Amino acid sequence: MKHTLFITIISIVGMLSNVFAQGNIQIGLPDAAIALFGKGGINTIHFSPDGTQLAVGTSIGVWIYNVQDRKEKSLYPGHHDEIHTLAFSPDGKYLAVYGFQNAIIQLWDMNSDLNEPILTFPEKPGRITKLVFGHDNNKLFGISELGFLAEWDIETGNRLSTQRYGKRGLVTAFNPKGQTLACGDPDNNEISLWDSANDSLGEVFKEKLNPNAGNTLSRILGGNQNNRKGPTGIETLALSPDSKTIASSHIGNIIKIWDVTTREERFSLKGHKEIISTFSFSPDSPILASGSTDNTIKIWDVSNGQPITTLTGHKNSIETLAFSPTEATLLASGSTDGTVRFWDTKTGKERSVFATGHTESIEAVAFNTTDTMISSVAANGTVQIWDIQTGKKLPSPSVPHYDSNSALVLSQDATLLAINGQDNNVRSRVSGLTMQTRSHRETRLLSLPTGDELKSFPHPSEYLALSPDNNILAAVNPREQVVQLWDINTGDKLFSFGIELSLHEKIIFSHDGQYLAIYGYNDQTQLWHVPTQEKIDIPNVKEISVIAFSPDNKTMAVEHPNVDGLRVIGLWKITQTGIEKHKEIIPEFRNGYTAKLLFSPDSKTLIQLHKSGWRSYIILWDIDTGVELDIVSGHIKNIQSIVFSHDGKTLASGSEDGTILLWDWEKIMMKIGKQ
């Protein structure tokens, strides 16, 4: 009998009601789930008007922090969505939240227990890039990426008006007091003011003329000097609280300060090495904070155009900034390194790492041998360790921190991490953004949970695998186009074999460590017997995208196209004489692709990780019958890693949304009648 178990995002609503939580969410999960770890990647932060609360919008919802004691509680919109846009009402009573994927605006009463929103706006407004309350607390303004400004009544949620202020894709900043909207054009260097009350467009701001500026910038950016007359394209925009000053960022990592009254440029500020990603003005307007993908925050005095200080401490890009409305020198910052930090802009010192546990895309997950802790590695190399019983995040290992990774692998017992990091330089050019990626030449092996470096292997890697006994590291070396196997204990190279490198190679050990498979879309899948260093003949199939070994080491599951061009899952028997085709599982047609295959601990169920668009689905197949048993879904974004605990009772899934979900495997099996 086929069952469909859709463990949806909505099921996680209300995990925390009136309680504060320091760790993960353990309350109100669906039947098959045990716990949720992580709070999602940070997208935006806002102080309440009285400065007592900080709202953090993440890839899974909103977290509300008490500024004084740092306690937190989760506000989960009814659709459990990715939040890039939120706003407090001027009196601090309400918080408006817009979800990116479901395109719904919700209104929350901050004096309530945050179980449910008091109002869900009755219509989908289209994609909103900013929410701003009117100064009288009765209206909510939403700015759409399509070039519309909408106005809602917060008592009813009904839309009062919709006005078009410009073309699609303009960068905007809005002051509700004067109902003034500043618009920056990403295609050229134009900034204009739009008066929503009178439906009128102001003058285009004029750049300060410098006869040598064009040639100088052209030499910096390269290309034909006659075709470049200075910065073109507005990337980030901010309007000061008193509406007298506008800050804009441009290609070449340049900040310009504009006088709203005269419509003229006052200063051009330089200092960031990479693109400026976010701005924030201090409450009294003369101080501007700018955050960049160069991991720094710069503080500027916009009254004289002088730099004040540079704030360093974040290990990755700055995503969002917010000044406290009641303490002019208190700045909060959110970064892709997973932390919210507080700064004193007067002294230039970091006050504290205010909040942790936020995580970017999780690439690898592993249980310790006793299944009491679970470790995760994010795309930037950050390692987090959680106590499964208490739900608390344990101290993070001191590991090298990179902007991203060429390759990483976490050992099955969570004691080793092999990583080849890369650093990114994000700059803006006339033709758009460019990213220069520099991969480090060495692959490093680290001990967990300490983070101590054990060995450094003198080669870059594009994919890595650790043998189950932690004795061998296999690495795809892109420069030499070989797969190399290294003895972890001695650092000696055991053997290597050549490959025809493409962008999709992956390698995997069998559960007993006897076999190593490399596969990809370039039709050169290879299987090696590790002890004898012999290559094994495999069936002649093309375009193998995924391989998995069964725990009993008797079967390989392989995803590939059949003779009719349909992508199927082939089950191959591993024998002493070679590999034999056994049977095929033919999935129903679904858009997307198979990202991973995994056998259940008893080798009777095959788990297919299927990705389609933004979402992933864990599909369960009965190996004997080829029947689809179940579908499990619960993450906001794509799942990157799935792994079983050592006792086989728990399935963990790590996602691009920065969270880990633990599933009770026995309950899933009971639900589909397999126990």
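Quick caveat, the model's predicted, so the values are computed rather than measured. Heavy atoms only: backbone and side chains are in, while hydrogens, waters and symmetry mates are out.
With values rounded to the nearest 0.5 angstrom, F323 atom CZ is found 8.5 Å from T329 atom OG1. K315 NZ to N295 CG: the interatomic distance, rounded to the nearest 0.5 Å, is 11.0 Å. T245 OG1 to F281 CZ: the interatomic distance, rounded to the nearest 0.5 Å, is 5.5 Å. To the nearest 0.5 Å, atom CG of residue L140 and atom CG of residue N138 are 11.5 Å apart. In this structure, the separation between CZ on F47 and CG on L330 is 4.5 Å, given to the nearest 0.5 Å. Rounded to the nearest 0.5 Å, atoms OH (Y98) and CG (L131) are 9.0 Å apart.
Not a single donor-acceptor pair under 3.5 Å links the side chain of D259 to the backbone N or O of E264. A donor-acceptor pair under 3.5 Å links the side-chain atoms of D294 to the main chain of K273, judged by distance alone. At least one donor-acceptor pair closer than 3.5 Å links the side chain of R266 to the backbone N or O of S303. When atom types are taken as modelled, the side chain of N66 and the backbone of K71 share no donor-acceptor pair closer than 3.5 angstrom. Using a distance-only test at 3.5 Å, with no hydrogens or angles considered, no donor-acceptor pair links the side chain of S249 to the main chain of I255. The backbone N or O of S317 lies less than 3.5 Å from no partner atom in the side chain of T293, so there is not a single donor-acceptor pair. Counting only distance, with no hydrogens or angles, the side chain of H358 and the backbone of G41 share no donor-acceptor pair below 3.5 Å. In this structure, S290 contributes its side chain and F279 its backbone to no donor-acceptor pair below 3.5 Å. No donor-acceptor distance shorter than 3.5 angstrom exists from the side chain of T44 to the backbone of T85, with no hydrogens or angles considered. The backbone N or O of D657 sits less than 3.5 Å from a side-chain atom of S59, completing a donor-acceptor pair.
Using cut-offs of 30° and 60° for the angle between ring planes, the H250 and W258 rings count as tilted. Below 30°, between 30° and 60°, or above 60°: for F342 and F354 the angle between ring planes is below 30°, a parallel geometry.
By the 4.5 Å heavy-atom criterion applied to side chains, F100 and N43 are not counted as neighbours. Taking the side chain as every heavy atom from C-beta outward, R127 and L146 never approach each other to under 4.5 Å. Here the side chains of N158 and P122 are in contact, with some heavy-atom distance below 4.5 Å. With a 4.5 Å cut-off on side-chain heavy atoms, S243 and V260 do not count as touching. Inter-residue side-chain proximity for I143 and Y165 is flagged as met; some heavy-atom pair is nearer than 4.5 Å. Proximity of L239 to L237: side-chain heavy atoms (C-beta onward) are nowhere separated by under 4.5 Å. At least one side-chain heavy atom of E235 sits under 4.5 Å from a side-chain heavy atom of I251. Looking only at side-chain heavy atoms (C-beta outward), L170 and D185 come within less than 4.5 Å of each other.
Counting all heavy atoms, side chain and backbone alike, N175 lies closest to P241 at ND2-O, 3.5 Å. In this structure, W343 and S333 approach most closely via the heavy-atom pair NE1-OG, 2.7 Å. Here the closest non-hydrogen pair linking I42 and S335 is CD1-O, 3.8 Å. Here the closest heavy-atom approach between residue N137 and residue S89 is recorded as OD1-CB, 3.6 Å. When all heavy atoms of F133 and A87 are compared, the pair lying nearest together is CE1-O, 3.3 Å. Closest approach of D109 to Y94, counting heavy atoms only: CA-CD2, 4.2 Å.
Environment of NZ in K298: crowded, with over 12 heavy atoms of neighbouring residues, nucleotides or ligands closer than 6.0 Å.
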Audit row: E274, H272, side-chain hydrogen bond (donor to acceptor under 3.5 Å, both in side chains) steps and yes/no | CA-CA 6 Å; E274 298 184 26; H272 283 294; over 6 Å; no
Worked verdict on Q640 versus I362 for side-chain contact (heavy atoms from CB on, under 4.5 Å) | CA-CA 7 Å; Q640 296 294 91; I362 293 175; 5.8 Å; no
Kindly determine whether I191 and K256 satisfy side-chain contact (heavy atoms from CB on, under 4.5 Å), including the steps that lead there.
-> CA-CA 11 Å; I191 300 176; K256 289 187 174 292; over 6 Å; no
Would you please test S74 and E72 for side-chain hydrogen bond (donor to acceptor under 3.5 Å, both in side chains) and show each step?
-> CA-CA 7 Å; S74 63; E72 66 197 23; over 6 Å; no
List the steps, then state whether side-chain hydrogen bond (donor to acceptor under 3.5 Å, both in side chains) holds for S161 with E151.
-> CA-CA 5 Å; S161 65; E151 183 180 358; 3.2 Å; yes
Please step through side-chain contact (heavy atoms from CB on, under 4.5 Å) for the pair W194 and T172, ending with a clear verdict.
-> CA-CA 10 Å; W194 187 75; T172 59; over 6 Å; no
Assess whether side-chain contact (heavy atoms from CB on, under 4.5 Å) is satisfied between I276 and N253, documenting all intermediate values.
-> CA-CA 6 Å; I276 293 98; N253 315 316; 4.2 Å; yes
Any chance you could lay out the side-chain hydrogen bond (donor to acceptor under 3.5 Å, both in side chains) test for H314 and D337, step after step, and finish with the verdict?
-> CA-CA 7 Å; H314 278 297; D337 67 12; 3.0 Å; yes
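For the pair R164 and F148, the cation sits on the ring face: its NZ or CZ lies under 6.0 Å from the ring centre, inside 45° of the axis.
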Which atom pairs, donor and acceptor, lie under 3.5 Å between side-chain atoms of residues 48-58 and protein residues at least two apart or in another chain?
unit_1 : atom_1 : unit_2 : atom_2 : d
S48    : OG     : D50    : OD1    : 2.7
S48    : OG     : T52    : N      : 3.4
S48    : OG     : Q53    : N      : 3.1
S48    : OG     : Q53    : O      : 3.4
D50    : OD1    : T52    : N      : 3.0
D50    : OD1    : T52    : OG1    : 2.8
D50    : OD2    : T52    : OG1    : 3.2
T58    : OG1    : K39    : O      : 2.7
T58    : OG1    : I60    : N      : 3.1
T58    : OG1    : G61    : N      : 3.4
T58    : OG1    : G61    : O      : 3.3

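Considering only residues two or more places apart in sequence or on other chains, K346 meets the side chain to side chain donor-acceptor pair (under 3.5 Å) condition with none of them. Applying the side chain to side chain donor-acceptor pair (under 3.5 Å) test to T129 and every residue at least two apart in sequence or in another chain returns nothing. With sequence neighbours excluded, the residues satisfying side chain to side chain contact (heavy atoms under 4.5 Å, CB included) with I299 are I287, A289, I297, I308, T309, L311, L331, T345. Take S240 and apply the side chain to side chain donor-acceptor pair (under 3.5 Å) test, not counting sequence neighbours, and it matches D242. Partners of S280 under the side chain to side chain donor-acceptor pair (under 3.5 Å) rule, at least two apart in sequence or in another chain, do not exist in this structure.
Between R351 and E327 there is a salt bridge, since a side-chain N of the basic residue sits under 4.0 Å from a carboxylate O of the acidic one.
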